Amino acid sequence: MFSRNNNILKVLPIITVVLLNVLNAQELHKKAAIEDRVNDLIVRMTLSEKIGQMQQSQMRGNKDNLRNAVRNGLIGSFLNAGDLEDKLEFQKIAVEESRLGIPLIYGRDVIHGYKTVFPIPLGQAATWHPELVETAASVAAAEASEAGIHWTFAPMVDISRDPRWGRIAESCGEDPLLASKMGAAMVRGFQGKSLADQNTIAACAKHYAGYGAAESGKDYNTTWIPERLLRDVYLVPFKGCVDAGTATLMSAFNDLNGIPASGNEFTLKTVLRDEWNFNGYVVSDWASITEMIAHGFAADEYEAAFKAAKSGVNMEMVTRSYANNLEKLVEDRKISEEWIDELVKGILRIKFKLGLFDNPFRLVTDNPETLSDKFRETAKKISVESLVLLQNNNMLPLADNIKTLAVIGPLADDAESQLGTWVPDGNPEDAVTPLAALREYAGNKINVLYSRGMETTRTKSKDGFDDAVETAERADAVIMFCGEDALLSGESHSRAYINLPGVQTDLIKAVARTGKPIALIIMAGRPLTFGEIKDDVNSILFAWHPGIMGGPAVVDVLFGKASPSGKLPVSFPRTVGQVPIYYSHKNTGRPPSEDQLGIEPGTPEDPKGFVSYFLDVDYTPAYPFGYGLSYTDFEYSDLKLSKHEIKMGDSLEISVTVSNTGSYAGEEVVQLYVRDLVGSVTRPVKELKSFKRINLLPGESKEVKFVLNTDDLKFWDINMNYTAEPGDFKLWVGGSSDAELETMFELE
Ligand code: NOJ
């Protein structure tokens, strides 16, 4: 026995090496095969067929013209193609009737779920749970592929530090590390282990780049982002997505430092292709190539097509500047056919990877899983973890002995708004609203009363107030659902005021005058300012737009089946005048200190010192990045470093003990922040470097460990080198960006 085992032990390494070699060879063969097939195809294509691959069209207008265009190899992709039947019909034409039989790729905005709608991406980011976000994306991919979709225009990883911007809802928030982790998780979820698997779809990291920095938060607005900031912050999540293998990227609408993003050679070529070696393809955002004319960057379509193609935009969405001008541009020797080949190869490569040439009708139809219980369960779990408890004055979880509960507010039973922005395929009928879920939970144990109070969140009439107040008076406790209708956030839906719209503030105050305890649930697509009602309610739970299972998720949290564990992925301002406000700001030469706090909003005062602050509002946010309460209490102690001096290339082990000192089981997101005290350029006051989600039973303690490499301390220095600099660093660990447990280390 002994000797046989011994023999196995001897040959095991050899078997392993052989196996690994075989596997590597297979991998290489697969890759080589795709490149070979791409190269073989491209030489057989006419210039017109190549340009056809670069055209993405809508399936609108005269269908026969579209059929002919596909037949003649003039369209490579459709976005928002009709129903499954249309998709199959057009694919059949492409593969059976076009000269080379190149399949179409169907793209669609599957942003936060397909039929099983999950919380808006900003809500998903609030889970700080990449594995769960990955699962949600894999569910979306499975459902979308059942509908014949091959490619989603997600994840959106624009760093968003301006809540006025409507598209903050689609983003993963203000922080490059968090957005990078979330974006990469979504890419992995959509694309699975292999794009050739039928239940995966290609991802598209968007909007490359800088779109979220739109001046004044007004959509499509100009952005000015110095290269260092661009690289240190705005490009980081895109790099994360490229490293996770995103098949595609989308070039953005915005003017970036004077050069529109869809004609920007620096971001599209220098960074994306030359530095990051990206070899998938870039699709322009909708008409963003021809919009370079309105930007004043191109005189006409010919020049716009030239600038976009030269920068490396492979495919044009909707507009036809490529279709109309690329042939002439090649003829005029402005663009070489070899360069067109490169651009087309990127597209073909992904079509091959998706297996479209071998299986153009790659549908999972035999076992439809769309909206299955399993998928709904994932939706509920992610909704639960996205809920952020902002305030809790002795009310939540609700006591068992409640007999009558008043449910009040325009969003208690608004299935459509609960889904949030960008749900072209989500159906309100599939959603369970909080009112429905509460009634279901209550059965005949609790009497649930309901008064909408206002028709929508934007209503200006107070006609429903009396009924709301009477309803509250009849109850032991009140649950209010306020916030923003879904249509107040999303593309082109920026707001200059970010308070509770309509007469919601008055409604809350009117109900509060009954003296009943109130838990306020806010559903919204962005951080809102609601300081004026903070003292009128006991508890505030921020629920984003929580998706189809938002109702049951909220009920679980209200009744303590789950303790809230979401953490803000973005700082909440006290007032819109503080915007932009984000935790990783610079210190300035005159940073304010704690004794300059305590200024009442709206009260101009004599300066409390000549420092960087406002006269009429605290300089701190209403709620900081990373913040979120639980029903239980977490205590942090024993922060230890493996050493306090490290050398370049070393790693540092950090450990901390987190204890649940309260009486509920709960999950906590343990966050690690660092400050580089002195640099060749000034450094942010704090930067998130790592985080972990843990669960703890009452009385339980866990040691949480992190490892920090000197690579994690790198930034773009005075000479624009990406490097870590020697010096002292502060390090904090805690449950928000206001983490208090701190220590120091030195990089020698
Ligand atoms: C414009 C939006 O900016 C982009 O995010 C979206 O994917 C495309 N339209 C396609 O619908």
Side-chain angles (χ1 to χ4, degrees), residues 55-60 75-82 87 104-114 120-122 137 140-141 144 147 149-160 165-172 179 183 186-187 190 201-214 217-223 234 237-238 241 246-256 260-264 280-292 294-295 308 313-320 420-426 486-487 489-494 525:
Q55 175 67 47
Q56 180 178 63
S57 296
Q58 296 188 78
M59 211 178 263
R60 289 233 177 112
I75 294 178
S77 172
F78 280 105
L79 85 156
N80 304 333
K87 288 188 206 110
L104 294 162
I105 180 166
Y106 290 119
R108 191 164 180 85
D109 290 286
V110 182
I111 305 297
H112 51 113
Y114 184 66
I120 52 170
L122 192 61
I149 292 159
H150 311 132
W151 171 30
T152 173
F153 304 128
M156 196 271 229
V157 287
D158 295 311
I159 294 298
S160 311
W165 192 45
R167 304 201 78 171
I168 194 171
E170 290 174 60
S171 82
C172 298
M186 290 181 197
V187 169
F190 289 131
I201 54 178
C204 180
K206 71 185 189 186
H207 306 82
Y208 191 69
Y211 183 36
K218 192 170 62 174
D219 207 2
Y220 316 120
N221 211 2
T222 305
T223 64
Y234 288 85
F238 287 98
C241 291
T246 188
T248 74
L249 280 91
M250 186 185 291
S251 64
F253 289 126
N254 53 298
D255 169 341
L256 172 62
S262 290
N264 197 308
Y281 67 90
V282 174
V283 63
S284 66
D285 201 349
W286 189 293
S288 62
I289 297 182
T290 54
E291 284 174 15
M292 293 201 289
H295 275 295
V313 175
N314 309 65
M315 188 184 275
E316 179 170 8
M317 185 186 283
V318 179
T319 43
R320 300 184 51 79
T421 183
W422 267 126
V423 280
D425 301 290
L487 61 74
S489 57
E491 185 178 346
S492 180
H493 286 69
S494 294

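Side chains are part of it too, since the values below use all heavy atoms of this structure and drop only hydrogens, waters and symmetry mates. Each ligand, and each atom within it, is numbered from 1 in the order the structure gives. Remember, predicted model here, so these are calculated numbers, not experimental data.
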Quick one: pull up [atom1] in [X] and [atom2] in [Y] and give me the separation to the nearest 0.5 Å.
X: Ser262; Y: His295; atom1: OG; atom2: NE2; answer: 7.5 Å
X: Leu122; Y: Thr421; atom1: CG; atom2: OG1; answer: 12.0 Å
X: Ile120; Y: Arg167; atom1: CD1; atom2: CZ; answer: 13.0 Å

Problem - Centroid separation Trp422 to Phe153 less than 6.0 Å - result: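 No - the distance between ring centres of Trp422 and Phe153 does not fall below the 6.0 Å cut-off.
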
With atoms numbered from 1 as shown, which atoms in ligand 1 lie under 4.0 angstrom from a non-hydrogen atom of [X]?
X: Phe253; result: 1 (C), 3 (O)
X: His207; result: 3 (O), 4 (C), 5 (O)
X: Lys206; result: 4 (C), 5 (O), 6 (C), 7 (O)
X: Leu79; result: 10 (C)
X: Phe153; result: 7 (O)

Within the structure, does [X] bring an N/O atom to less than 3.5 angstrom of an N/O atom in ligand 1?
X: Asn80; value: no
X: Trp422; value: no
X: Tyr211; value: no

Practice task
Tell me, please: is Met250 in heavy-atom contact with ligand 1, that is, under 4.0 Å?
Solution key: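 Under 4.0 Å: yes for Met250.
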
Using a 4.0 Å heavy-atom cut-off, say whether [X] meets ligand 1 through its side chain, its backbone, both or neither.
X: Tyr220; result: neither
X: Arg167; result: side chain
X: Glu170; result: neither
X: Glu491; result: side chain

Problem - Heavy-atom nearest neighbour in the protein, as seen from atom 10 (C) of ligand 1, with distance rounded to 0.1 Å - result: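 Scanning the protein heavy atoms, the shortest distance from atom 10 (C) of ligand 1 goes to Asp109 OD2, 3.2 Å.
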
Exercise for the section: Please report which non-hydrogen protein atom sits nearest to atom 4 (C) of ligand 1, along with the residue it belongs to and the distance in Å to one decimal place. Expected result: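 Scanning the protein heavy atoms, the shortest distance from atom 4 (C) of ligand 1 goes to Asp285 OD1, 3.4 Å.
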
Exercise for the section: Taking all non-hydrogen atoms of both residues into account, name the closest pair between Ser284 and Ile289 and its distance. Expected result: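 For Ser284 versus Ile289, the nearest heavy atoms are CB-CG1, 3.6 Å.
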
Handout entry: Contact summary for Gly217 and Ser494, nearest pair of heavy atoms
Key =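 What the structure gives for the nearest pair is O-OG, 2.7 Å.
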
Problem - Any donor-acceptor N/O pair, Thr248 side chain to Ala203 backbone, under 3.5 Å - result: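 Checked: pair present.
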
Practice task
Check for a donor-acceptor pair, side chain of Ser57 on one end and backbone N or O of Gln55 on the other, with a separation under 3.5 Å.
Solution key: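 Checked: no pair found.
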
Practice task
Look at the aromatic rings of Phe253 and Tyr220 and report parallel, tilted or perpendicular, splitting at 30° and 60°.
Solution key: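 The rings of Phe253 and Tyr220 stand perpendicular, inter-plane angle above 60°.
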
Practice task
Determine the interplanar angle of the Trp151 and Tyr281 rings, folded into 0 to 90°, and report it as parallel if under 30°, tilted if 30 to 60°, perpendicular if over 60°.
Solution key: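 Perpendicular, since the angle between the ring planes exceeds 60°.
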
